[in-house]
Amino acid sequence: MAAANALWQNIKGLNNTNKFLPYNNNKKMINHTQLPNNNKNIISCSQASSSAISTTTEVSSSSSSSCSSSQWPDFAKRVSGEWDGFGAEFSPEGKPFELPENVVPEAYREWEVKVFDWQTQCPTLAEPDDFIAKYKLIKLLPTVGCEADAATRHSIDERYIGGAENNVSAFAYQSSGCYVAVWCVKNHETYSLLELEHCLAHPQNQESRVRIIQGIRVEDGKFTMQNIKVFVEQWYGPFRNGESLGGCSIRDTAFASTEALKSSEVAGKWQGQNVVAIFHNSQKNIQEFVEDKTQNSVRDGSNLILLPKKLWCSMKEEKGETHCEVGWLFGQGHAITSKCIFSSDSEVKEIATSCETATLPE
């Protein structure tokens, strides 16, 4: 039993198989349809049926002058670097998926230790003078103990925002390093698969962030949650394109099987200052958040998908629209939230984020 406990304490895991994309792990994982520079008003999982998904976007033409008058240079500074940590995949009910047996070390299998987390790297680089950014999600094969210092890469998923290689459909950003991205990962004649990525930077610690990715199937205008991916990451230094592994220096630990958020911690009334990016009738697919109004909300904890690390997410229909929300309770009574609203015709309408405080009952 002591040996089993020791093995458990030494877990160095990685993230679950991407259920959307049947990628060859020896190749780049992204295979999105490229958006042409003259594309207007289409989120483009491009040639999918009109009921699958569309949105008001265009690859933004950019210049140093337009960047300098926006939040982009500060965003580029905050988001760029080596972000290492752990990632896991969850069911629509919030249950973690185990890693495939063929990637789990034999020592764990012998002791029947379940592995849910990948150790990950996310080297990110944003150009401060142009609306262009890129990142790689690198999953490392699970190892026992400090063998992580010589970890082997399992897969690499590359993504591009702006420029000639753009494959994001809608992107909203803030100088804090927070962003929301809509990725179309698969087209079919009758449906599309989206990944809605919310990156939330800790308001009190610029070197800590979480990324929550909602996997969504869109068919005949109906949105259905397929899975949820969570990455808990910390900043380990300037961009090096993933050449240096965090290994045993990683400050975080595997989290997928830890205790989930309690519904009572987020149920009730909340208030916060909203910032918003409007995509409806817009010609730009890359937009900065701008200050909006104070937002009051009431959350029923029973309607949320509760996750470890004080995280939650939800998806609901409201007046013909689909609201996809995630949140991070970073302190008692303090949360940062992100929401994407899709219109009744499956267009991205707006994206908003807010730092919220629980309000006392009247």
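Side-chain atoms are counted along with the backbone in the values below, which use heavy atoms only and exclude waters and symmetry mates.
Atom CD1 of residue Ile212 and atom SG of residue Cys313 lie 7.0 Å apart, to the nearest 0.5 angstrom. One distance of note links NZ of Lys310 with OG1 of Thr258; it measures 10.0 Å at 0.5 Å rounding. How far CZ of Phe116 is from CG of Leu99: 9.5 Å, rounded to the nearest 0.5 Å. Note that the OH atom of Tyr173 and the SG atom of Cys199 stand 15.0 Å from one another [nearest 0.5 Å].
Taking the side chain as every heavy atom from C-beta outward, Ile336 and Cys178 approach each other to under 4.5 Å. The shortest distance between side-chain heavy atoms of Gln271 and Thr294 falls below 4.5 Å. Within the 4.5 Å cutoff, side-chain heavy atoms of His280 are placed close to those of Glu347. Looking at Val326 and Leu311, their side chains never come closer than 4.5 Å, going by heavy atoms from C-beta outward.
Not one N or O on the side chain of Glu233 forms a donor-acceptor pair closer than 3.5 Å with the backbone of Glu82. No donor-acceptor pair closer than 3.5 Å links the side chain of Gln295 to the backbone N or O of Asn274.
A salt bridge links Lys309 with Asp252: at least one charged nitrogen is closer than 4.0 Å to a carboxylate oxygen. Using a 4.0 Å cut-off between charged nitrogen and carboxylate oxygen, Glu165 and Lys134 do not count as a salt-bridge pair.
Considering all non-hydrogen atoms of both residues, His334 and Leu329 come closest at O-CD1, 3.4 Å.
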Walk me through it: do Tyr160 and Asn166 pass the test side-chain contact (heavy atoms from CB on, under 4.5 Å)? CA-CA 5 Å; Tyr160 298 87; Asn166 178 76; 5.6 Å; no
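Side-chain contact, Trp183 with Glu197: a donor N or O sits under 3.5 Å from an acceptor N or O. Under the 3.5 Å distance criterion, with hydrogens and angles disregarded, no donor-acceptor pair is assigned to the side chains of His198 and Glu325. The closest side-chain donor-acceptor pair between Glu356 and Thr337 falls under 3.5 angstrom.
By the 30° and 60° cut-offs, the orientation of the rings of Trp270 relative to Trp312 is tilted. In this structure, Tyr179 and Tyr135 have tilted ring planes: the angle between them lies in the 30° to 60° band. Relative ring orientation between Tyr191 and His188 is described as parallel, the plane-to-plane angle staying below 30° on a 0-90° scale split at 30° and 60°.
The local environment of CD in Glu318 is crowded, with over 12 non-hydrogen atoms from other residues, nucleotides or ligands closer than 6.0 Å.
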